[in-house]
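These notes concern the structure reproduced below.
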Amino acid sequence: MSSNPVAETVASLMPRAKAELTELVAFRSVADFGQFPRSESEGAARWVADALAAEGFQDVALLDTPDGTQSVYGYLPGPEGAKTVLLYAHYDVQPPLDEAGWTTPPFELTERDGRWYGRGSADCKGGVIMHLLALRALKANGGVPVHVKVIVEGSEEQGTGGLERYAEEHSGLLEADTIVIGDAGNFRVGMPTVTSTLRGMTLVRVGVDTLAGNLHSGQFGGAAPDALAALIRVLDSLRAEDGSTTVEGLSSDTSWEGLQYDEEQFRQDAKVLDGVELIGSGTVADRIWSRPAVTVLGIDCPPVVGATPSVQASARALISLRVPPGVDAGAATKLLQAHLEAHTPWGARVSTEQIGEGQAFRADTTSPAYQAMAAAMSVAYPGQEMQYAGQGGSIPLCNTLAALYPRAEILLIGLSEPEAQIHAVNESVSPEELERLSVAEALFLRTYAAS
């Protein structure tokens, strides 16, 4: 990859990285303990804690966060007077969804066509390995020139806010001059990218009730109000004819300034079926990085198999609303709830409940840390300049840390480029990206220390 000694060290460590990622992926660490054993998450947390201790970290601890999960903390002291950098990742993962849809078992890291497949390989167990590789490379080439704090979260994918609340209650624990969030990704493989904005999000559960109980559709259908039909109308009101999100009072015309996303490339990345149109208006970057987007995540209603000829008395749905930077997630939640209530037909009884929230984030890309990362990435990716992109997803911890430590610089990098298919079946990581980003992070720490 390069004659740079740091790059040569990282390259030599890649077999070990693969072995370690294999061990970490094997934990079924989904932080939904109704679906997956708590012991799997606790095992992953202990693995991370042991790895930090083996690298000489002090004060390694399993932090019991208010949502009932564990985050892992460690501190590696650097030279006296050095800056402090916090490195973040998370070991919890999304459920594998339909395991039958995986070409190889989701919790067995498998190499295929030059990529490593497995749940969490990119999002974000690979991020844990990336941090370890960067630190090992520096230790082998003159030492780590900054104080390093590492925090590895145990419930990021659930959005339950355990680490955010813990950080607020222990305000000095994660304080740093710069924070590197290893949970983003390059715009595409081989294009070094920092994520400069994140959309926020809110999760709202909506319920519609119309009858005391289900009724025979032949005897009562046509006059009896159908709760499922009412819910369908409510959900349909959240989108315009072109698919744009239309929550009343929520602006949806902001434009994205910066790196653009080619529409045909997006169709390929999203695997849109032939003949199916994209939804929304404006550029793709506008739609996914700077405008609100509503998604119906699930509906409680009878499945087709086993359904009876009944008018439904009740129906429920879980709705996700992504909100762009500059929009308060709490205010967006109130607008969404008011919209749902206003568009419920036939006088049906409607209830809404917020079950999760995260604020949007916008970084200061003019800071010294960004300059240091740009220099590091130009070495790790020869001939490439660092790009700035948005991300449609949410990392609520970013805003918590920004509020707690307003002077800290926050950078977002990571392994979740489009081919990684995070949150979907057959998630994978590019080992070349893992190698290059580990080199970039190591060189960033060295460059930033000298700035």
Side-chain angles (χ1 to χ4, degrees), residues 123 159 181 183-188 191-204 238-270 272 277-297 319-336 339 356-367 370 385-403 409-414 416-418 422-423:
D123 183 25
I181 305 289
D183 191 25
N186 286 343
F187 184 65
R188 58 189 58 265
M191 180 183 289
T193 310
V194 289
T195 299
S196 57
T197 67
L198 297 168
R199 287 191 297 194
M201 58 81 71
T202 183
L203 286 174
V204 171
L238 294 170
R239 291 191 183 277
E241 188 69 24
D242 67 358
S244 300
T245 294
T246 54
V247 175
E248 291 175 354
L250 191 61
S251 174
S252 60
D253 58 1
T254 309
S255 297
W256 172 260
E257 302 293 337
L259 181 68
Q260 292 297 314
Y261 203 149
D262 178 75
E263 188 165 314
E264 284 306 310
Q265 186 62 59
F266 178 82
R267 291 184 66 89
Q268 293 178 36
D269 292 341
V272 180
E277 300 175 1
L278 300 186
I279 62 173
S281 61
T283 69
V284 170
D286 293 341
R287 285 176 259 181
I288 65 173
W289 296 337
S290 67
R291 295 182 180 178
V294 69
T295 304
V296 179
L297 301 183
I319 300 167
S320 164
L321 177 64
R322 301 287 178 168
V323 296
V327 176
D328 178 73
T333 300
K334 292 178 181 178
L335 290 173
L336 174 60
H339 180 105
E357 179 183 296
Q359 295 291 348
F361 170 78
R362 189 189 304 277
D364 176 10
T365 58
T366 65
S367 66
Y370 275 82
E385 290 188 8
M386 185 176 78
Q387 302 292 320
Y388 299 88
Q391 182 172 303
S394 305
I395 305 176
L397 181 65
C398 282
N399 279 87
T400 300
L401 296 178
E409 303 174 67
I410 301 178
L411 300 96
L412 294 100
I413 63 172
S416 298
E417 37 76 26
I422 64 169
H423 294 203

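Start at 1 with the first residue, then count along the sequence.
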| query | Counting N and O atoms only, with roles assigned by atom type, does the side chain of Thr193 sit under 3.5 Å from a partner on the main chain of Met191, one being a donor and the other an acceptor? | reply | yes
| Looking only at atom types and distance, does a side-chain atom of Glu248 sit under 3.5 Å from a main-chain N or O of Thr246, one as donor and one as acceptor? | no
| note | Output for pair (Met201 CE, Thr333 OG1), nearest 0.5 Å, gives 9.0 Å
| query | Less than 4.5 Å apart, any side-chain heavy atom of Ile410 and any of Ile181? | reply | yes
| remark: Looking only at heavy atoms, the pair that brings Phe361 and Pro325 closest together is O-CG, 3.8 Å
| query | Do you know the tightest heavy-atom contact between Leu259 and Ala389? | reply | CD2-CB, 4.1 Å
| query | So do Arg239 and Ile279 actually touch side chain to side chain, heavy atoms under 4.5 Å? | reply | yes
| query | Between the main-chain N or O of Thr254 and the side-chain N or O of Arg291, is there a donor-acceptor pair closer than 3.5 Å? | reply | yes
| Roughly how far, to the nearest 0.5 Å, is the OH atom of Tyr388 from the OG1 atom of Thr197? | 13.0 Å
| field | Residue pair Glu357 / Gly330: nearest heavy atoms and the distance that separates them | value | OE1-CA, 3.6 Å
| remark: For Gly390 and Thr195, the nearest pair of non-hydrogen atoms, with its separation, is C-CG2, 4.0 Å
| Geometric class of the Tyr261/Trp289 ring pair [parallel <30°, tilted 30-60°, perpendicular >60°] | tilted
| task | Would you check if Ser196 and Val194 make a side-chain contact, meaning some heavy-atom pair closer than 4.5 Å? | result | no
| task | Would you please test Leu278 and Glu263 for side-chain contact (heavy atoms from CB on, under 4.5 Å) and show each step? | result | CA-CA 9 Å; Leu278 300 186; Glu263 188 165 314; 3.4 Å; yes
| Leu335 vs Leu321 side-chain heavy atoms within contact, under 4.5 Å | no
| query | Is there a donor-acceptor pair under 3.5 Å between the side chain of Arg188 and the backbone N or O of Pro418? | reply | no
| query | Quick one: does Leu238's side chain get under 4.5 Å of Val247's, heavy atoms only? | reply | yes
| Residue of the set Ile395, Asp328, Thr400 for which side chain to side chain contact (heavy atoms under 4.5 Å, CB included) holds with Gln359 | Asp328
| request: Evaluate side-chain contact (heavy atoms from CB on, under 4.5 Å) for Thr245 paired with Ser252, printing each intermediate quantity in order. | output: CA-CA 7 Å; Thr245 294; Ser252 60; 5.7 Å; no
| Does the side chain of Val284 come within less than 4.5 Å of Gln265's, by heavy atoms? | no
| request: Tell me, with the steps shown, if Leu412 and Asp183 meet side-chain contact (heavy atoms from CB on, under 4.5 Å). | output: CA-CA 7 Å; Leu412 294 100; Asp183 191 25; over 6 Å; no
| Would a distance-only check, ignoring hydrogens and angles, find a side-chain to backbone donor-acceptor pair under 3.5 Å from Asn399 to Ala360? | yes
| request: State the CG-CD distance between Asp242 and Glu277, to the nearest 0.5 angstrom. | output: 9.5 Å
| request: Compare all side-chain heavy atoms of Ser320 with those of Leu297 and state whether any distance is below 4.5 angstrom. | output: yes
| query | If you take all heavy atoms of Leu250 and Pro292, which pair is closest and at what distance? | reply | CD2-CB, 3.6 Å
| field | For the student: nearest non-hydrogen atoms of Pro324 and Ser290, plus distance | value | CB-O, 3.2 Å
